Protein chains: 4
Amino acid sequence: MSPTKQKLLTTASKTFGKYGFYKTSMDEIAKSARKAKGSLYYHFNSKELLFREVVTSELDFLKQELTSIFDDHNADSRDIIRAYMIKRMMVMNISINYQETLRPEFYEFYEFLNDVILEMDEWEKKQITKILNQGVEKGELELPGEVAIYAEMLLIFLKGLETPLFLKGQYERLISNFDNLIGILTKGISKI
Amino acid sequence: MSPTKQKLLTTASKTFGKYGFYKTSMDEIAKSARKAKGSLYYHFNSKELLFREVVTSELDFLKQELTSIFDDHNADSRDIIRAYMIKRMMVMNISINYQETLRPEFYEFYEFLNDVILEMDEWEKKQITKILNQGVEKGELELPGEVAIYAEMLLIFLKGLETPLFLKGQYERLISNFDNLIGILTKGISKI
Amino acid sequence: MSPTKQKLLTTASKTFGKYGFYKTSMDEIAKSARKAKGSLYYHFNSKELLFREVVTSELDFLKQELTSIFDDHNADSRDIIRAYMIKRMMVMNISINYQETLRPEFYEFYEFLNDVILEMDEWEKKQITKILNQGVEKGELELPGEVAIYAEMLLIFLKGLETPLFLKGQYERLISNFDNLIGILTKGISKI
Amino acid sequence: MSPTKQKLLTTASKTFGKYGFYKTSMDEIAKSARKAKGSLYYHFNSKELLFREVVTSELDFLKQELTSIFDDHNADSRDIIRAYMIKRMMVMNISINYQETLRPEFYEFYEFLNDVILEMDEWEKKQITKILNQGVEKGELELPGEVAIYAEMLLIFLKGLETPLFLKGQYERLISNFDNLIGILTKGISKI
DNA sequence: AATGAATGAGAGTTCATTCAT
DNA sequence: AATGAATGAACTCTCATTCAT
């Protein structure tokens, strides 16, 4: 990727993150990057495509970050779950462009929305399922019925934590209660 | 409230719900309502204030709908929880403007947002806590520690269900698994 | 005149005076007067006609104020001229609505402009001519040629003093030099 | 300066001159210049800034025109004064936007106004003072006291001529009497 | 590959005016 | 005589996009 394109992508990501899709103008991005507006169109064709590229590259970053959890741990699967949940909260807190995609206004870009969210969800479900399966194999967890359902439930819970109430302001309070919450959540899962 | 204002508010709510705040133009609302654009400004002063009034009135509707649950039921508290969750999903599915306010990118409306979301969250926590307390009193639930924490957790879970993935497309599949999910969730809560 | 009309006229005068013709809205006047907007139209038919009535009534006030000079003085005609000039400066400083009429933007109301300004100018020329004639009769002034020309010249000078440079900020400095200026101006007129 | 910008500036100047600031719309300027409205904003950012640029460039033109007087004449200083006054009247008659800035109601532009008017006034005072001083040196004029006061007085007189009454309609009559007026004005100044 | 001048459709907003009550 | 809800034309300004260089 050319240095100009790289620079534009990075700047776009920052600016979209700060002001959101609609409040960010192509002009602003170009000026911030100290490039010409025409270059944006040369490399990305349209504002929407630029945003898509930003989101896509951000998702790759998210996955990378989350994957690192598994490499480090051979520990108790409940600890891995806990680590994943905390890491996710931190990472999502940073990656606002992904959240931007979730805005109801993005319903107009329905196909893209579905692509992006479904892909990310499937990926996460797969990761979580893997952890849960390992827990079952190791005899740490008991999951009658489909494991996928439990994974989905965990994911729903994690998504609930994305809402600003919890991310902003009440973050610390939540962390301190986090083990409690996970305890309750995993009580139904834990073997004894 | 004059019939014109009423009509404009209803139309605005529908249109914001369909296309979101930015993609909805004042002109569009006015035309949809078959009223003059000037009337919008006569009654609401600005697009932002119109949106706020829409959100506020929608939240009032949400509360009303959710409150009706308690009136109808003297049943098992687990059934009430279940009914609340399902009702909430249905209601939120309709009242899409509420989600609009959940996005942290809405910087301009920040103060308004905090007020509105915090109020709604507090209200919901109170309702859920009430249900849980009744369940404990009736000997149906067992909640060691603070009840408020359980209520908060349930709320997080409910908020996780709001994300577009579940509202659009996968709605039916989710409903069919809903009892499973609630079962797991309430297993940690249930007394035996 | 009804109390409502009176109230509206007074308020309109104040508001036009503060913000000028274009920056003042009918709504603002009505609200300031705590009357309904419809009442403005009932009494004055249009914004332009309201403004005309304001200017007309203000000119009547100006003339009244300036006339009072002659009643008080039987003194040296040069003193009367001086008193007139000072009084005029003070009075014009108050009556901004008349000045508003002089704005280039008012060229579109050409007929009204001509009516108002010509009338006021003629009136002033007549007053000044009267003073000058008295001065000549009393042997205090020497005016070869037409007296009207001298009157006109004095009027031009007085109009020059209306510009903001002199009215705003430099007012005091000007007053202190006023006698000097008048001295020069009247030197050509004075008999010896 | 690009041809487009140049064209827009010229057209804006003409249109503001004809209809004044408020009655001139950006749309009208753009259409008159056969350019896109967006181009106006690309080059001038706002209506106010466009107007400022128009006024500024017009003042530059005024100064240039007035300066030419001195280059041509080595004549009697009274003739130079006369030439200056006549030239000024003609030039001001063309450059109506200058008057626009003279109105105290232009509160929004106040700081800009002060700068522009004070600068122009100072410039004119300097020019007139220069003429007067030359007249004194050449022994043509007699000015007891400060020369600056005389210059200021002349300027006040010149400003008095700017009012619409004299610019419109009565222009010819005034010109025919002009020498008379100047005669009186300079009588107090002339050395015999 | 890169530029930035130029565009024009469409946005939010204002406001003099009308009219049923 | 007085009201204020309702109107719609006109306004300033924004911005994604195009294109000649």
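It should be emphasised that the depicted structure is a prediction, and the values quoted were computed from it without experimental measurement.
Taking atom OH of residue B/Tyr19 and atom P of nucleotide E/dA11, one finds them 13 Å apart after rounding to whole Å. One can place CG of B/Leu9 at 13 Å from P of F/dA6, the figure rounded to the nearest angstrom. The interatomic distance linking B/Glu48 (CD) with E/dA11 (C1') rounds to 16 Å, in whole Å. The distance between atom NZ of D/Lys5 and atom P of E/dG4, rounded to the nearest whole Å, is 15 Å. For the pair B/Phe51 CZ and E/dG12 P, the interatomic distance rounds to 13 Å; values are reported in whole Å. Separating the OH atom of D/Tyr22 from the C1' atom of E/dT14 is a distance of 14 Å, rounded to the nearest angstrom. Atom CG in B/Leu49 sits about 13 Å away from atom C1' in E/dG12, given to the nearest Å. Spacing between atom CE of A/Met26 and atom P of E/dT3 amounts to 14 Å, rounded to whole angstrom units.
With F/dA2, E/dG12, E/dT17 as the choices, the nucleotide that has an atom nearest any side-chain atom of C/His43 turns out to be F/dA2.
For D/Ser2 and E/dA6, the shortest distance from a side-chain N or O to OP1 or OP2 is below 4.0 Å. Within the structure, a side-chain polar atom (N or O) of D/Thr4 is placed less than 4.0 Å from OP1 or OP2 of E/dA6.
When the side chain to side chain contact (heavy atoms under 4.5 Å, CB included) test is applied to A/Ser13, the partners found at least two apart in sequence or on another chain are A/Val54, A/Glu58, A/Asn97.
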Check: Can you give the dot-bracket line for DNA chain E, where a pair is Watson-Crick or G-U wobble with both atom distances under 3.5 Å, crossing pairs use [ ], and | marks a partner on another strand?
Finding: .||||||||||||||||||||
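Judged by a 6.0 Å distance limit and a 45° cone about the ring axis, D/Lys47 is positioned over the six-membered ring of D/Phe21. Cation-pi geometry between D/Lys23 and C/Tyr22 is not satisfied (NZ or CZ under 6.0 Å from the ring centre, within 45° of the ring normal). Both cation-pi conditions hold for C/Lys5 and C/Phe44: the charged atom is under 6.0 angstrom from the six-membered ring centre and inside a 45 degree cone around its axis.
In terms of position on DNA chain F, the residue among B/Pro3 and D/Lys47 whose nearest nucleotide sits closer to the 5' end is B/Pro3. Of the two residues near DNA chain F, A/Asp27 and D/Ser46, the one whose nearest nucleotide lies more 5' is D/Ser46.
Between D/Tyr41 and D/Leu50, every side-chain heavy-atom pair lies at or beyond the 4.5 Å cut-off. Residues B/Phe51 and B/Thr24 are not in side-chain contact: their nearest non-hydrogen atoms beyond the backbone lie 4.5 Å or more apart.
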Notebook entry, point to check: Going through the distances and angles, do D/Lys18 and D/Glu28 end up as a salt bridge (charged side-chain N to carboxylate O under 4.0 Å, His left out)?
Noted result: CA-CA 12 Å; D/Lys18 237 193 212 154; D/Glu28 200 180 346; over 6 Å; no
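Taking a 6.0 Å sphere around NZ of B/Lys63, one finds it holds more than 12 heavy atoms contributed by other residues, nucleotides or ligands.
Pairing each heavy atom of D/Asn45 with each of D/Leu49, the nearest pair is CB-CD1, 3.8 Å.
A heavy atom closer than 4.0 Å to some atom of DNA chain F occurs in A/Lys37, A/Tyr41, these being the qualifying members of residues 28-42 of chain A.
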